[in-house]
Amino acid sequence: MAQCDFRQSVECLARNGITKTAVWREKLDATGVADAASILRDHGVEAVALCPGGLLTHRDPAGFHSALGDNRRWLDWAAAIGAKSLVTITGGLGENETDLRFARDRALEGLAMLVPPARAAGVRLALEPLHPMVCGNRSVISTLREANTWLDQLDADDVMGIAVDTYAVWWEPDLQREIARAGKRIIAFHVSDWLADTTDVRLDRGMPGDGLIDLPAIRRWAEAAGYRGPIEVEIFSQRDWWTRDPDVVVRTILDRYGRSF
Ligand code: ZN
């Protein structure tokens with residue numbers, strides 16, 4: 001939550017009985033990895049993932065290698081806080097770049113290069129396709145179908161998985177089939193809602209139950225595919241939920257659980 005620092009977020013989760021959380025990289029960086037690990041431990045909250053990693057579409061070799069170095073560091077951070085995965089987005093197109101095919105090839109090349117360090121760190125890379133409206137600046141892959149095909153090519157399922165974010169893929173025509181195809185590759189499941197009157201496709205996510213996504217159906221499909229991990233409620237909401245008392249946000253999520261997702 002943007003209204004809290006790392007410690008305040010963890011305290012809020014703990015006092016509301018929530019024992020797992022994904023950790024946002026910027027918050028971790030601001031707090032320091034060692035301090036964050038002890039804050040989590042002291043409050044009995046487990047880090048399930050660190051996000052986001054990736055951002056691998058640079059054309060210039062120096063930028064690309066620096067991005068790989070960043071990811072190796074983030075894998076170590078994830079291991080240090082006990083997170084089992086690094087949620088990985090490809091990144092969008094670089095400045096003045098229009099070659100989408102190049103960006104996709106570059107990101108796939110980068111992912112392949114991250115397989116050995118991920119294995120060494122004992123942290124899985126959870127590839128997360130994002131909604132096509134953010135293809136230009138966040139992710140050059142937009143569908144679960146592409147994520148599945150990439151994982152087929154990478155052939156490293158011991159260390160590569162997929163993050164299914166309902167907000168990103170709810171519109172996908174073959175979603176049910178692609179979730180079944182992903183099967184055990186699904187290692188993260190993110191929920192929020194798509195508001196009919198959304199004003200920002202990245203930072204105006206809705207509380208589950210307030211929008212257009214059939215979250216219970218997608219959750220059933222994921223569970224039918226074998227997913228048994230946590231359900232992460234991920235609401236970037238600059239105009240609404242980030243302006244509220246964090247305890248109200250968490251209590252609203254708990255109230256919606258089982259009913260809206
Ligand atoms: Zn997500």
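For this chain, numbers begin at 1 and follow the sequence in order. Remember, it's 1-based here, ligands and their atoms both numbered in the order they're listed.
- By the criterion of a separation under 2.8 Å, the protein N/O/S atoms near the Zn ion (ligand 1) amount to Glu128 OE2, Asp165 OD2, His190 ND1, Glu234 OE1.
- The two residues Glu172 and Leu144 have their closest heavy-atom pair at OE1-N, 2.7 Å.
- Other residues sharing a hydrophobic cluster with Leu203 under the 4.5 Å side-chain heavy-atom criterion for ILVMFWY residues are Trp24, Phe236, Trp242.
- Qualifying ring pair (Phe, Tyr, Trp, His ring centres under 6.0 Å) partners for Phe189, counting only residues two or more places apart in sequence or in other chains: none.
- Using cut-offs of 30° and 60° on the angle between ring planes, the pair Trp74 and Trp77 is tilted.
- At a threshold of 4.5 Å between side-chain heavy atoms, the hydrophobic network of Ile, Leu, Val, Met, Phe, Trp and Tyr places Ile187 and Leu114 in two separate groups.
- Applying the side chain to side chain donor-acceptor pair (under 3.5 Å) rule to pairs touching residues 153-165 yields Arg119-Asp158, Asp157-Arg185, Asp165-Arg205, sequence neighbours excluded.
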